Chemist: 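One structure coming up, written as structure tokens, with questions to follow.
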There are 2 protein chains.
Amino acid sequence: MKQNPSKQKVIKAASTLFFQKGFHGTSVRDIAERASVNVSSISYYFNSKQGLLEYAVTNYYEDYLSSIEKTLNETNLLTPMDKLHSLISTIIQYKQNNFQLTCFIQRELSLDSVFVREMTVTYLAKENFYLKKTFFDLLGKRLKSDYKQYLFMQLKGMLITPYILHNDWKNQVVGDYSRQLFVKKYVRVIKDWLDFIVMSSEDIKRKAVN
Amino acid sequence: MKQNPSKQKVIKAASTLFFQKGFHGTSVRDIAERASVNVSSISYYFNSKQGLLEYAVTNYYEDYLSSIEKTLNETNLLTPMDKLHSLISTIIQYKQNNFQLTCFIQRELSLDSVFVREMTVTYLAKENFYLKKTFFDLLGKRLKSDYKQYLFMQLKGMLITPYILHNDWKNQVVGDYSRQLFVKKYVRVIKDWLDFIVMSSEDIKRKAVN
DNA sequence: ATTTGTCGAGTGAAAAATGAAGGATATATT
DNA sequence: AATATATCCTTCATTTTTCACTCGACAAAT
């Protein structure tokens with residue numbers, strides 16, 4: 001499983017630079033220099049700059065979806081709430097472990113390109129499916145479908161916010177310890193919100209019965 | 001107030017293309033072609049591609065901050081909750097009216113460049129200050145400062161989510177009518193959340209007294 | 001007549017991609 | 001074990017493409 005060190009070095013350098021300057025804002029020379037390899041190596045391993053991007057992103061999402069699927073399997077017997085809670089925890093954990101790529105991909109995905117559309121159908125659709133199913137299982141059939149959509153958007157927003165507003169947090173979250181602490185606390189904050197919407201949707205149900 | 005049509009055409013074309021392909025992913029030729037003007041016009045009006053960017057973004061933020069300040073002045077006598085509610089409404093409204101630029105700027109702001117840092121100190125700092133003050137006034141001194149920070153991040157996340165996950169919504173929100181409807185409904189969803197956190201923070205206070 | 005705006009051609013720099021050659025390492029052959 | 005061979009990796013030099021920006025001429029408006 002131990003890959004070629006150069007190849008790995010390139011990916012690492014690319015992740016950092018793409019994160020800082022974006023895909024188009026980074027040149028292959030920059031990447032090569034940062035990785036301390038020759039420019040041509042990049043063509044050799046990935047054919048092109050685009051190839052490098054695709055390799056990195058594909059890897060990221062393959063792993064990401066595996067984690068999600070694993071969690072869903074392992075939590076099959078739990079309550080909907082516990083299941084969703086585990087899922088959220090897994091997602092935030094993964095994103096935290098792949099911080100730079102997460103930020104970069106999140107940003108790049110809001111573009112309009114062939115590549116983005118491809119990623120959307122192959123990976124994002126799945127992620128969305130899993131998350132939506134788990135979330136809607138929790139909500140049940142109480143709320144209006146329209147309102148549920150908005151709540152779902154709110155949930156998705158919470159899962160990406162730290163990786164878009166990372167500039168707001170870089171001063172506070174530093175080092176491995178505080179990074180793990182962040183995961184714990186942030187998942188807790190989302191959990192509070194979940195408890196609230198479940199509670200208030202039960203209120204609605206109760207009112208409907210009376 | 002009626003500006004040169006060419007200049008406006010360029011800005012409009014640039015907004016669209018920057019939104020779709022990003023700043024570095026768009027060439028001045030692309031912009032010129034889409035705006036049906038000669039390439040040289042862009043240098044003529046804005047000196048450089050960077051100048052065009054700065055012009056657009058500066059305009060955007062000047063207007064944005066004015067709206068915010070206006071709202072804050074007009075709502076001075078209201079309760080903290082109503083004040084924050086108005087502010088949120090104004091913000092979402094403005095972003096919705098400048099949809100493409102909002103999405104673009106939001107994305108570009110997560111980069112690491114001199115320009116971003118400049119925008120941060122001149123505009124974002126102010127926005128943050130206003131929002132934070134209004135939000136913290138509402139929360140009072142009940143909650144732990146740490147937890148308040150997380151809630152504030154959650155709020156900020158809600159204000160940007162629709163402009164990052166816009167791909168998720170472009171099928172549902174089309175046309176002016178549904179756009180206005182969106183503003184109304186989305187602000188409502190945020191308001192529900194605000195009610196919740198205020199309510200639960202009062203719970204904590206009550207428990208502390210007993 | 002002077003300012004203001006438009007246009008096409010052109011320049012130089014930057015960046016991506018290519019291709020051939022050399023070196024290292026592993027595998028096979030005697 | 002020693003040599004030959006094939007495969008993988010790295011490097012340098014070069015080509016091709018893309019792109020931002022300039023220049024000078026021309027037209028329109030004031």
Side-chain angles (χ1 to χ4, degrees), chain A residues 1-59 104 107-108 111-116 118, chain B residues 1-59 104-105 107-108 111-116 118-119:
Chain A
M1 196 60 191
K2 199 175 182 181
Q3 293 229 19
N4 184 305
S6 283
K7 204 173 176 182
Q8 288 308 109
K9 274 197 293 182
V10 169
I11 293 179
K12 193 162 178 235
S15 301
T16 305
L17 290 172
F18 287 166
F19 163 65
Q20 286 173 356
K21 303 163 182 280
F23 179 70
H24 289 291
T26 307
S27 73
V28 286
R29 309 189 104 83
D30 288 343
I31 300 171
E33 193 178 350
R34 184 170 238 275
S36 316
V37 301
N38 191 283
V39 229
S40 307
S41 303
I42 294 176
S43 312
Y44 178 73
Y45 286 112
F46 309 101
N47 288 319
S48 62
K49 191 184 173 188
Q50 183 71 26
L52 165 57
L53 173 70
E54 283 168 21
Y55 184 92
V57 175
T58 302
N59 255 12
F104 162 65
R107 182 173 55 215
E108 220 71 7
L111 291 172
D112 179 23
S113 68
V114 180
F115 177 63
V116 168
E118 281 174 8
Chain B
M1 194 61 192
K2 198 176 182 180
Q3 293 227 20
N4 184 305
S6 282
K7 201 173 177 181
Q8 289 308 109
K9 275 198 291 181
V10 169
I11 293 180
K12 194 162 176 235
S15 300
T16 305
L17 289 172
F18 287 166
F19 164 64
Q20 286 174 355
K21 304 162 182 281
F23 179 70
H24 288 292
T26 306
S27 71
V28 286
R29 308 190 103 84
D30 288 342
I31 300 172
E33 193 178 350
R34 184 170 237 275
S36 317
V37 301
N38 190 282
V39 224
S40 313
S41 306
I42 295 175
S43 310
Y44 180 73
Y45 286 112
F46 307 100
N47 288 318
S48 63
K49 191 185 173 188
Q50 183 71 25
L52 166 56
L53 172 71
E54 282 168 21
Y55 183 91
V57 174
T58 303
N59 256 13
F104 162 64
I105 291 175
R107 182 173 54 215
E108 220 72 10
L111 289 172
D112 180 23
S113 68
V114 179
F115 178 64
V116 167
E118 280 174 9
M119 291 298 111

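Lettering follows sequence order; numbering is per chain, from 1. Since the structure is predicted, the reported quantities are computational estimates derived from the model, not experimental observations. What's counted below: heavy atoms across the whole structure, side chains too, no hydrogens, waters or symmetry copies.
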Chemist: Provide, to the nearest angstrom, the distance between the CG atom belonging to A/Leu17 and the C1' atom belonging to C/dA15.
Modeler: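 So the two atoms are 15 Å apart, to the nearest Å.
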Chemist: From C-beta outward on A/Ser43, which listed nucleotide comes closest to its side chain: C/dA16, C/dT6, C/dT18?
Modeler: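 In terms of side-chain proximity for A/Ser43, the closest of C/dA16, C/dT6, C/dT18 is C/dT18.
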Chemist: Is the number of heavy atoms from other residues, nucleotides or ligands within 6.0 Å of CD (A/Gln50) greater than 12?
Modeler: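 Above 12, so yes.
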Chemist: Does B/Phe46 reach the side chain of B/Val10, with side-chain heavy atoms less than 4.5 Å apart?
Modeler: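 Yes, side chains in contact.
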Chemist: Using a heavy-atom cut-off of under 4.0 Å over every strand shown, decide if B/Ser36 touches base, sugar-phosphate, or nothing.
Modeler: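 Nothing, no nucleic acid heavy atom in range.
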Chemist: Whole Å only: how far is the CZ atom of A/Phe46 from the P atom of D/dT10?
Modeler: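 For the pair A/Phe46 CZ and D/dT10 P, the rounded distance is 11 Å.
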Chemist: May I have the distance from B/Ile42 (atom CD1) to C/dG5 (atom P), rounded to whole angstrom?
Modeler: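 Rounding to the nearest Å, CD1 of B/Ile42 and P of C/dG5 are 15 Å apart.
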Chemist: Over how many whole Å does the gap from A/Lys49 atom NZ to C/dT18 atom C1' extend?
Modeler: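 Distance check: A/Lys49 NZ to C/dT18 C1' gives 17 Å.
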Chemist: Determine whether any donor atom in the side chain of B/Asn38 lies under 3.5 Å from an acceptor atom in the base of C/dG5, or the reverse, and answer yes or no.
Modeler: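 Side chain to base: no pair below 3.5 Å.
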Chemist: Measure the distance from NZ on A/Lys7 to P on D/dC9 and round it to the nearest whole Å.
Modeler: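 My rounded result for the distance is 8 Å.
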Chemist: Okay, side chain of A/Lys21, backbone of A/Ser27: is any donor-acceptor separation there less than 3.5 Å?
Modeler: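 It does not hold such a pair.
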Chemist: With a 3.5 Å cut-off and just heavy-atom distances, do the side chain of B/Ser41 and the base of C/dC7 make a donor-acceptor pair?
Modeler: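 It does not, because no donor-acceptor pair links the side chain of B/Ser41 to the base of C/dC7 below 3.5 Å.
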Chemist: Do A/Leu53 and A/Phe104 have side chains that get closer than 4.5 Å, going by heavy atoms?
Modeler: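 Answer yes - side chains close enough.
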Chemist: Whole-Å distance between C/dT18 P and A/Arg29 CZ?
Modeler: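 Going from CZ in A/Arg29 over to P in C/dT18 covers 14 Å.
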Chemist: Name the residue closer to the 5' end of DNA chain D, choosing between A/Val37 and B/Asp30 according to the nucleotide with the nearest heavy atom.
Modeler: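 Closest to the 5' end, via its nearest nucleotide, is A/Val37.
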Chemist: Round to a whole Å and report the spacing from NE2 of A/His24 to C1' of D/dC19.
Modeler: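 Going from A/His24 (NE2) to D/dC19 (C1'), I get 13 Å.
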Chemist: So, does B/Ser6 get its side chain near the phosphate of C/dT6, meaning an N or O under 4.0 Å from OP1 or OP2?
Modeler: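 Affirmative; the distance criterion is met.
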Chemist: Look at the side chain of A/Tyr44 and decide which nucleotide, out of C/dG10, D/dC8, C/dG8, has an atom nearest to it.
Modeler: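 Of all the options, the side chain of A/Tyr44 is nearest to D/dC8.
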Chemist: Nearest-Å distance, CD1 (A/Ile31) to P (C/dA15)?
Modeler: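 Result: 12 Å.
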Chemist: Taking the minimum atom-to-atom distance to the side chain of B/Ser40, which one of C/dG5, C/dA17, C/dA9 wins?
Modeler: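 Side chain of B/Ser40 sits closest to C/dA9.
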Chemist: Please tell me which of the listed nucleotides, D/dT10, C/dG5, C/dA16, lies nearest to the side chain of B/Tyr45?
Modeler: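 Closest nucleotide among those given: C/dG5.
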Chemist: Has A/Arg107 got a side-chain atom pairing as donor or acceptor with A/Phe19's backbone, closer than 3.5 angstrom?
Modeler: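 Yes, the answer is positive, given that a donor and an acceptor are paired below the 3.5 Å cut-off.
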